[in-house]
Every structure is written in structure tokens, then in C-alpha cells.
Amino acid sequence: MSALAAGASGAPNPPAFSKSEMMIVAAARELAGQRVCFVGVGLPNIAVNLARLTVAPELELVYESGAFGAQPARLPLSIGDPTIVTGATAAVSMFELFSFYLQGGLVDVGFLGAAQIDRFGNINSTVIGDYDHPKTRLPGSGGACEIAINARQVFVIMRQSKRSFVEHIDFRTSPGNLGGAETAARIRKEQGWLGRGPSVVVTDLAIYHFDESGEMRLDSLHPGATLDQVRETMGWQPKIAEPLATTPDPTAEEMRLIREVLDPEGAYTK
Amino acid sequence: MSALAAGASGAPNPPAFSKSEMMIVAAARELAGQRVCFVGVGLPNIAVNLARLTVAPELELVYESGAFGAQPARLPLSIGDPTIVTGATAAVSMFELFSFYLQGGLVDVGFLGAAQIDRFGNINSTVIGDYDHPKTRLPGSGGACEIAINARQVFVIMRQSKRSFVEHIDFRTSPGNLGGAETAARIRKEQGWLGRGPSVVVTDLAIYHFDESGEMRLDSLHPGATLDQVRETMGWQPKIAEPLATTPDPTAEEMRLIREVLDPEGAYTK
Amino acid sequence: MTKVASMRDAVAECVRDGDTVAIEGFTHLICFAAGHEIIRQHKRDLTLARLTPDLIYDQMVAAGVARKLVFSWLGNPGVGGLHAIRRRVEAPADGGAFEPLELEEYSHFGMVGRYTAGASNLPFFPLRSYFETDLPKANPLIRPIRSPFGEETVYAVPPLKPDVTIVHAQRADAAGNTQMWGLLGCQKEAAFAADRVIVVVEELVDESVVRADPNRTVIPGLIVDAVVVEPWGAHPSYVQGAYDRDNHFYRDWDAISREAASTQQWLNEWVYGVAGRAEYVEKLGAERLAGLKPSGSAPSGEVDYGVYK
Amino acid sequence: MTKVASMRDAVAECVRDGDTVAIEGFTHLICFAAGHEIIRQHKRDLTLARLTPDLIYDQMVAAGVARKLVFSWLGNPGVGGLHAIRRRVEAPADGGAFEPLELEEYSHFGMVGRYTAGASNLPFFPLRSYFETDLPKANPLIRPIRSPFGEETVYAVPPLKPDVTIVHAQRADAAGNTQMWGLLGCQKEAAFAADRVIVVVEELVDESVVRADPNRTVIPGLIVDAVVVEPWGAHPSYVQGAYDRDNHFYRDWDAISREAASTQQWLNEWVYGVAGRAEYVEKLGAERLAGLKPSGSAPSGEVDYGVYK
């Protein structure tokens with residue numbers, strides 16, 4: 001993950017950046033205009049904090065651990081860091097968090113990572129292989145199952161590879177667009193879900209959104225990434241937007257914030 | 001209610017006491033050995049506070065309004081008096097109170113009043129007459145319905161009359177022994193209720209417990225009350241214990257506590 | 001962005017004819033100031049939800065704002081009945097002067113469960129109440145539900161999602177982050193369940209006061225539409241640490257409300273006759289207010305959240 | 001009547017072979033001291049329940065106390081997997097050295113709902129999770145339930161009633177009235193759901209400290225069996241206001257736990273090799289402890305409950 005890509009936008013003195021940094025920046029930009037974001041463990045943590053300092057100053061962070069309106073004095077190392085409580089506007093029980101904030105429909109964007117994802121944005125974070133005799137036992141749902149169902153929309157952030165972007169996931173931990181947009185919309189409506197499902201997938205190579213059929217569509221290639229690279233790291237032939245965009249380089253300010261303010265030790269960006 | 005009865009126990013200088021005072025004292029004494037008592041509005045409020053000062057010093061009071069371990073600096077005038085919160089060990093939401101304390105089975109004794117009661121301890125506190133066109137609209141359940149189901153046992157405290165001790169109640173707000181002990185025990189077991197139902201009824205004339213068939217049995221007549229008075233104020237022929245006891249007079253200490261400490265203004269005992 | 005508004009503007013904007021309105025607070029923190037403003041603005045056809053309608057809904061019903069009550073205990077605690085409401089419930093046919101009032105009745109826990117389901121977007125809330133009682137017959141919205149584990153049947157109540165919930169509290173910041181202490185009732189659940197929320201506070205505080213003690217926050221600004229600063233806004237109910245319950249008024253109301261005429265006279269004097277809560281408070285007089293102040297201070301003590309840099 | 005006990009006595013009396021044990025705390029207030037004592041006392045066949053098994057259950061599983069996990073997220077947060085647990089889950093057949101470990105899996109909200117149902121004596125708790133996922137196939141205790149209002153189907157989880165719940169907190173009085181601040185997790189629900197409760201605190205305080213702020217009380221003494229005073233008892237987890245999470249240890253554990261042998265060596269040194277938490281703390285050393293103290297104080301401020309005489 002230390003591969004550096006030179007800026008491709010022709011800007012003067014483009015800062016060098018890693019694939020992880022590009023992924024974080026791209027995810028942060030997608031949060032423009034959003035209001036309430038549910039923050040899970042890992043990359044979402046830094047992406048949402050970057051968004052709050054750039055495109056979404058009004059963004060309210062709801063930490064899965066129960067802190068609301070956090071003003072961390074340092075980049076929280078985990079979603080349970082004590083720095084997210086001191087100075088927060090509220091610290092609540094998990095019952096309240098999951099019942100009233102998440103299931104109650106107050107969360108605009110839920111972030112999910114994934115071990116496997118399919119073309120309809122259905123997600124596996126439970127096991128690779130058979131459930132009873134797994135090849136790899138993954139962490140499991142945590143809050144992912146209920147975030148996928150209840151957050152108004154879902155952002156996925158993950159690195160892509162043949163093992164992670166697959167035709168068929170081994171276990172469905174979090175429902176996406178199920179077998180397609182029509183079924184998904186019907187079920188979400190019938191069941192009174194407040195969430196509309198996945199809306200964006202940001203990887204180390206590209207940005208995807210979901211088209212009318214509920215399928216992932218490649219919309220923007222990160223600088224330095226190629227269509228061949230994308231195809232080699234997916235288990236299906238992706239739909240491709242016309243025209244296909246190139247993700248703008250991280251700005252100098254975005255890079256400064258990541259490297260000097262948010263993650264000076266490189267915990268997320270190594 | 002200002003009728004005074006001379007003490008019948010032959011004690012020297014027996015204090016004069018009203019029927020209400022006798023009723024409060026008798027109810028308080030029944031709390032001996034109990035640990036956690038759910039305090040509703042009205043007479044139970046003074047009875048449990050008297051018990052705590054006499055026969056049940058370890059009694060923990062759970063106020064329906066959400067205060068636990070209250071140490072009121074004055075006799076609380078209502079169950080929502082601010083004096084029950086200041087200095088309490090806990091003040092909790094009603095969700096927590098009803099879910100964890102009451103339905104969770106932590107309450108040993110729940111106190112209920114009633115507009116009507118039948119021989120099996122089923123209670124009406126909703127309407128007199130037809131529900132849709134009532135002769136008298138009463139307050140309704142409040143917490144009475146769930147207290148009857150969930151408290152380990154239920155104490156009833158009420159004045160008796162032909163209108164209140166009836167063959168058939170007009171509306172069942174709180175289940176007692178239903179049609180008899182056998183049915184009641186079966187349903188409580190099948191349904192996983194933690195409560196065993198009503199165990200004592202204290203009136204201005206007498207004390208009743210429930211026999212094996214689940215029916216109210218007259219066990220003790222208050223001093224000055226007669227069997228005739230009891231029969232004239234009940235809608236059915238009561239079972240009568242052999243031998244029938246006489247409730248011991250209020251002691252001087254009990255009277256002092258009521259009149260000087262708990263209710264110097266006579267709000268409950270007029 | 002401040003949400004601070006006058007009571008007049010908050011009620012005018014948030015409360016609409018035909019709405020379901022919940023002014024919650026169990027004995028504590030009942031916002032009479034908001035109820036009176038709703039009366040003054042002649043709102044109509046409201047469905048009023050509260051565990052205990054208390055004097056505030058008796059007054060609102062007497063003033064003709066309501067067509068329906070959703071409740072669990074209908075009385076003047078420790079005093080007796082609610083006469084204005086009973087006039088419309090007990091004599092709907094012969095008393096031509098009084099339109100019938102629709103009642104929808106639960107138990108306390110049922111109402112708490114309804115708000116909880118509303119706040120949680122659950123289609124129902126299960127509880128052990130109601131079995132072998134007549135309440136499910138009186139209210140067909142109380143329905144049995146079989147446990148998928150074993151043989152037990154419990155009852156379910158439907159979600160209650162008020163159009164507007166109004167809660168009173170000790171303090172909030174301008175964004176609506178609200179803290180309260182003492183009896184909490186189901187203020188939180190009722191607020192999260194509502195489409196719109198008005199918070200009425202004794203004191204507006206800086207955001208830093210709220211942030212110093214995040215566990216004390218009961219309602220986040222996120223769900224709040226208006227913050228109204230209205231000292232003594234809960235009188236004759238009370239505010240822990242600020243003023244006592246005015247038990248004399250609760251007793252006085254029994255006589256005032258026994259007749260329709262005396263009830264209207266009281267409304268004319270104390271509701272229509274004042275511009276707002278400030279005037280009402282002035283009318284109460286300094287002596288009465290002084291008698292309701294706590295006799296001393298009982299500080300909570302401080303805890304330390306620690307700085308983590 | 002004091003409930004104060006040593007950790008040794010509390011665990012000896014409250015935790016029995018075969019029990020379902022919940023040591024709760026979401027990232028915050030995880031009682032490692034109790035987990036280590038359970039290991040030292042060679043408890044066996046435990047079912048360990050926790051949303052996030054975390055390092056504490058990885059250590060307990062490595063030490064052989066558990067036959068089953070009930071959980072919702074199995075990992076070392078921000079670091080990776082839990083190797084001792086994975087050794088028993090991924091290679092149950094070929095690795096003769098490791099007995100298989102039974103897993104019963106939910107989501108976070110499912111676990112919270114299970115504790116809530118347990119605490120409330122409800123036969124199930126309904127939630128919107130699980131629909132159109134494989135979780136109900138993997139765990140037949142996650143079952144659909146039809147709403148009695150309309151067409152919606154939600155899922156139900158069964159109550160979880162631990163034999164013993166162990167919670168860590170900032171402070172309690174000798175009767176077990178327990179106050180905590182910061183992230184509350186589901187400590188309360190897990191405690192109310194349990195048959196027996198051990199509370200482990202940083203500080204034993206006088207009853208008057210608790211009574212000064214009744215809204216801060218999370219667990220009433222009523223349900224508490226033992227109060228253990230064990231400063232630093234949550235390390236390497238943390239206690240808001242008292243000490244920070246020892247993130248270095250969370251990272252170190254990844255290497256330590258990769259092999260069964262190094263895991264055992266660590267247990268020998270840091271669990272079996274010390275008599276209790278006091279010795280463990282001494283072994284950590286003053287410098288390490290000093291590095292975990294907050295960099296400053298962040299006081300909550302006081303509120304006034306008022307005296308009402």
C-alpha cells in the first residue's frame with residue numbers, strides 16, 4: 001500500500017499520495033451535503049473527520065460506541081477512544097444509539113467496510129468459505145447488518161481485489177440491492193425500512209455508484225489507476241460510465257490535513 | 001372517615017385512631033419481611049413510609065415515577081414530589097422503571113387501590129358502567145395493569161362498600177386470581193409471569209388474604225368493626241377464617257409516626 | 001445556527017390544527033406554558049397524547065383545542081378527577097354544549113412502549129401487560145403476539161409518532177442540545193418519536209456547559225426544531241432544583257374546574273388574559289414564587305471526563 | 001450491609017463452571033481483572049457473552065475456560081483478528097490440540113436486544129435487522145415475527161440472561177449503587193439481565209456521593225452481589241477520566257497471540273504469575289501507568305437538585 005502515484009491533473013507541484021490517501025480523500029468528498037454520519041471502526045473514521053474539515057463542515061458524527069457531536073482533541077484511534085467523549089454533546093447507551101439514532105432513521109450515511117461485495121452491493125463480513133467450517137473467520141456483523149438496513153444511505157469503503165469483488169459472496173451479512181434495484185426497493189418499502197441502501201463504493205482504484213438496475217457502475221478512476229487494473233481486480237465485468245471520469249488528485253490542503261492534522265503517525269495511510 | 005374507635009386491646013391509654021389510620025397501620029404491618037416495594041399514588045405512599053420506620057427498615061421504595069432508594073425530607077405529597085429525587089440512590093426513566101424494575105421481576109410488593117374488586121382480587125379502576133358510555137369515568141390503569149401482572153405479590157388497599165366489593169366488576173383493569181387459583185396459577189406459569197398475584201386486601205374494616213381456591217378470606221376484623229358491617233359492605237358472602245382475629249390497635253409509636261412525622265397535616269388520614 | 005424562538009413563534013410554526021401533540025413529563029417538567037400558548041392560538045382538532053393528561057390537558061380540553069386523548073391515567077394526582085374532561089366523556093349525548101371527546105386508552109407501560117416503538121421505527125412494542133384484562137377489548141390497538149420462542153403470548157402496542165412533542169427541561173444550548181435531571185419520565189422517547197420537537201427551558205446555556213457533561217444530555221439538538229426560553233414555564237408543575245410543585249394550585253383546580261363557567265373564567269383570566277408566560281409569572285406574584293423555591297441547594301458534585309490529547 | 005469483597009472471593013462465589021458469563025463494556029470499562037481471576041481459578045465450560053469478545057475473551061479462550069462464545073463482532077479493533085479464538089474456530093478437526101469452540105452469532109443491536117429482553121423478562125426482542133441476510137440461517141435463534149399491525153415482518157432475538165454479569169465502573173458505594181460516565185455500552189442491560197452481578201470499581205465512595213447525583217446511577221445496589229475495588233482493573237481497556245486505552249498492548253497482543261506457545265507464555269507471566277490485579281499493576285510499572293493518565297482534567301460541572309423540606 002505504499003505505492004505512490006504522481007498527480008495526473010497537471011496542477012503545479014501536485015503532492016504525492018498513496019492509494020490509501022486517495023481512497024480516504026475520495027470517500028470524504030462524497031460526504032458533501034450530508035448531515036449525520038455513523039462512524040464505524042477503521043478507514044471511515046479518518047474519512048469522516050477529513051470531510052468535516054473540508055466539504056462537510058456541518059457533518060455530525062455519531063460514533064457506533066455511543067458518542068454524538070464529538071470534538072476529538074486527537075484523531076481517535078478507535079471508535080471507543082475516550083477523546084470522542086470528552087467535549088461531545090451527548091454520550092448515550094448502545095440501546096439508545098441503535099434504537100433511536102440508527103433504527104429511528106436519524107443517520108444519513110452509514111459507512112461499511114467489507115471482506116466481499118457483489119455487483120449489487122451486498123456485503124460479506126462474516127466468513128470466507130462455509131459458515132460451519134470457514135476458511136477464514138472474519139469479525140462478523142458488528143453493527144453492519146443494521147447499518148445497511150437503517151442508514152438512509154450506505155457508503156462502502158474497501159480495497160478491491162478478485163477475492164473481495166466477487167460474483168457471489170460467501171455469506172450475506174449486510175443487504176445491499178439484493179438481486180437488483182426492483183426487488184430491493186420493493187422489500188425496503190414493504191418492510192418500512194428507512195434506508196435506501198448502498199449509494200457509493202470507494203476503493204483504492206476507483207469510485208462506483210449504483211445505476212437504476214441497482215448494479216455498481218464504475219464512475220471515476222483514481223489518478224494512476226487503469227481500466228485493466230480495475231478489471232483484473234473484480235470478479236465480474238463492471239458497467240462503466242460514459243464518459244468515465246478521473247478522480248481529481250487530493251489537494252494540497254487535503255494532504256496537509258491527513259498528514260499533519262488527522263494521522264501524523266500514518267496509522268491509516270501506511 | 002372521622003369516626004374514632006376506642007382501642008380494644010386493653011392497653012393502657014390506647015390512642016384514639018381513625019379508620020384510615022387503622023387501614024394504613026394494618027397495611028404497613030403486612031410489609032414485614034418484604035424488600036422492594038413499588039409505591040403508587042395515594043394511601044400506599046404513607047403505608048410504605050410507615051413500614052420503613054417500623055416493621056420493614058430494609059424496605060426499598062421504588063416510586064412509579066422513577067425514583068429508587070428515596071430518602072424524602074418530607075412526606076412526599078405525590079409520587080412525583082421533588083423530595084423523593086434529592087438524595088435518592090437512583091432516578092431513572094419510565095422505560096427503565098417499567099422494563100427492568102417491574103417487568104424484570106425486581107418488585108416484591110406492588111400496591112394497588114381499586115374502585116371495584118371481586119372475590120378473586122380482580123380489579124377495576126377504569127369505568128363504572130359501560131365502557132363506551134360510562135356512569136363514572138375513573139382514572140384508568142396507570143401502572144395498575146402491569147403491577148398486577150409483574151409484581152411478585154400485590155397488596156390492595158381500599159375502603160369497602162357494596163359499590164366497591166362486588167360480585168362482578170364492570171371492567172377488569174388488573175388481573176387477580178381470575179376465575180380462581182387454578183386457572184390463575186396455570187396462566188401465570190404458561191405465560192412466564194413473575195408475579196403470583198394478589199396476596200392481601202386491607203380495608204377500613206378488615207384484613208383479607210387469599211385461600212387455596214384463590215378467593216378472598218376475611219382473616220382479621222379491625223377493632224370496632226363487626227361482621228355485620230363487613231357483610232353489609234360486600235357484594236358476596238365472604239369466607240371467614242376460623243378463628244377470626246382482631247387486628248391489634250395501632251401502637252402509640254405507629255400513631256406518633258403518622259401524626260407527627262409522616263402526615264402532620266392529615267392529608268391522608270382525614 | 002440558533003434555534004431559539006419565542007413561544008409564540010415556536011407554537012405557531014410547529015403546531016398545526018389536527019396534529020397529534022404530546023406535552024410529556026411525568027409529574028415533573030410539564031410544560032404548561034406551551035399548553036397555554038396553544039390555547040391562545042386557538043389550535044383545533046388536536047389529538048393530545050400524555051401518560052397522565054393532568055391539569056394541562058384538562059385546561060386544553062376545556063378550551064376546545066382537542067378532539068381526542070391518548071393516555072394511561074386520567075386524574076388530578078392526589079386530588080381527584082379531571083372535571084373538564086369528564087364533562088365531555090360522561091355526558092356526550094345529553095349535554096349538547098359539550099362535544100364528545102374520543103379516548104384511546106393504554107397503561108403507563110403501554111404508552112412508554114408506544115413512544116419507544118415510535119422512536120425506534122419499530123412496527124410494535126411487546127410487553128407483558130394486558131393479558132386477561134378488558135383493555136384489549138376497549139382498545140383494539142392492543143393486540144396479542146405470539147413469541148417465536150416457546151408458547152408465551154405477550155401483547156403489542158403500536159408506535160406512537162406525535163407530529164409535535166413538547167418537553168420542558170432545566171437547560172439547553174441554542175442548537176437544542178438539552179439536559180435535564182430529576183424524574184425523566186418518557187421525555188426522551190416522546191421526543192425521538194416525534195416529527196417536530198419544541199424544547200422549553202428554564203435557562204439557555206452555552207454549548208460548553210452541555211459539552212462538559214455529555215452523559216447528562218437527554219435530547220440531542222439534531223431532533224430539536226425550536227428552543228424556547230421560558231422561566232417558570234412548567235408551573236404549577238415543577239422543575240427539579242428550580243421550583244417546587246404548586247400543590248395548592250392542583251387542589252384549587254378541583255373547585256375551579258367543577259363548572260364549565262368557572263373554568264372558562266379561569267382561562268379568561270390566566271390564559272387569554274395574559275400575553276404569555278412572563279405576564280403569567282408576574283401575575284402569580286413574587287410571594288407565591290418565593291414560596292415555591294427549594295429551601296436549599298443540593299449540588300450533584302462533579303465528575304472528571306479527562307482530557308485526552 | 002456491605003457487599004465489598006476481594007476479586008478472588010467474588011469470582012469464587014459468583015462464577016461457577018458451566019455458567020454463562022458476560023463481561024461487558026463497549027471498548028470502555030472492560031474488566032480484564034475479572035477475566036484474569038476467572039482464568040486463575042481454572043473455571044471451565046463457560047459460555048462467554050459479549051458484543052465484542054476483544055482481547056479479554058481471546059485470553060480466556062486461550063486459557064481454556066470457555067466452550068462457547070455468544071457475540072456480534074470478533075476482532076481486535078483497529079488491529080486485526082483474535083488469534084486464540086480463530087485457532088479454535090478455523091481448525092476444529094485437524095488441530096487435535098484445540099477443542100472446537102461453539103459460536104452463537106448476532107449483530108450488535110441483536111446482542112443489545114437480547115440483554116434488553118433478558119433484563120425485561122420479555123420472551124423476545126424485535127428489531128429490523130437480519131432481513132435478507134444469512135444470519136438467521138447461521139443462527140436459528142434469530143426468527144421472523146409478523147407485526148400485528150400491518151404487513152411488516154421484523155426479526156426477534158431471544159432473551160439473554162447471563163448467570164453472571166461483570167461490569168467495571170468508575171465508582172460505587174458499599175451497597176453496590178454504581179455510577180459510570182463516558183461510553184455506557186450495554187452495561188446496564190447486561191447487569192439487569194443477570195442472575196448475579198459483580199461490579200468492579202476504580203473507587204469505593206460513600207453512599208452520600210452516589211445520592212448527590214441520582215441520575216448518574218446506572219446500576220442499583222439492589223441487583224449487585226459483590227463490589228470489588230480494583231484500581232486499573234480495566235487495563236488495557238480504559239476508564240473515562242481515570243486512564244487511557246493502552247493501544248500499544250492491543251497491538252502487541254497481535255504478535256503475542258499468533259502462536260499458542262507465546263500466548264501461554266504471556267498467560268504464565270501476566271495472569272498465572274501474579275496473585276491479582278495489584279501485582280499486575282506493579283508489574284506494569286509506574287512509567288507505563290503515568291503514560292496512560294489523561295493529560296488534564298475535564299470537569300463535568302455541577303447541577304442542583306434542590307432541597308425540598
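A note on names: the letters A, B, ... follow the listed sequences, proteins ahead of strands, and every chain is numbered from 1.
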Interchain contact, I219(D) with chain B, by part (heavy-atom threshold 4.5 Å): neither

Proximal component of A212(D), with respect to chain B [non-hydrogen, under 4.5 Å]: neither

Greatest number of heavy atom pairs closer than 4.5 Å to chain D - which of A67(B), G69(B), G87(B): G87(B)

Choice from P82(B), A73(B), G192(B) maximising heavy atom contacts with chain D below 4.5 Å: P82(B)

Over all atoms of both residues, closest heavy-atom pair of P214(D) and A88(B): CB-O, 3.4 Å

Find the N and O donor-acceptor pairs between chain B and chain D that sit under 3.5 Å apart.
from	atom 1	to	atom 2	distance (Å)
G69(B)	O	R211(D)	NH1	2.7
T83(B)	OG1	Y308(D)	O	2.8
T86(B)	OG1	Y305(D)	O	3.2
T86(B)	OG1	G306(D)	O	2.7
G87(B)	O	R211(D)	NH1	2.7
T89(B)	O	T217(D)	OG1	2.5
A91(B)	N	P214(D)	O	3.1
A91(B)	O	N215(D)	ND2	3.1
E96(B)	OE1	K188(D)	NZ	2.5
E96(B)	OE2	K188(D)	NZ	3.3
Q103(B)	NE2	S120(D)	O	2.8
G192(B)	O	N121(D)	ND2	3.3

Engaged part of F100(B) at the chain D interface, taking heavy atoms whose separation is under 4.5 Å: both

F155(B): ring pair (Phe, Tyr, Trp, His ring centres under 6.0 Å) partners, not counting sequence neighbours: F111(B)

Residues which pass ring pair (Phe, Tyr, Trp, His ring centres under 6.0 Å) with F71(D), listed by chain and number, not counting sequence neighbours: none

All side-chain hydrogen bond (donor to acceptor under 3.5 Å, both in side chains) counterparts of S199(B), not counting sequence neighbours: Q153(B)

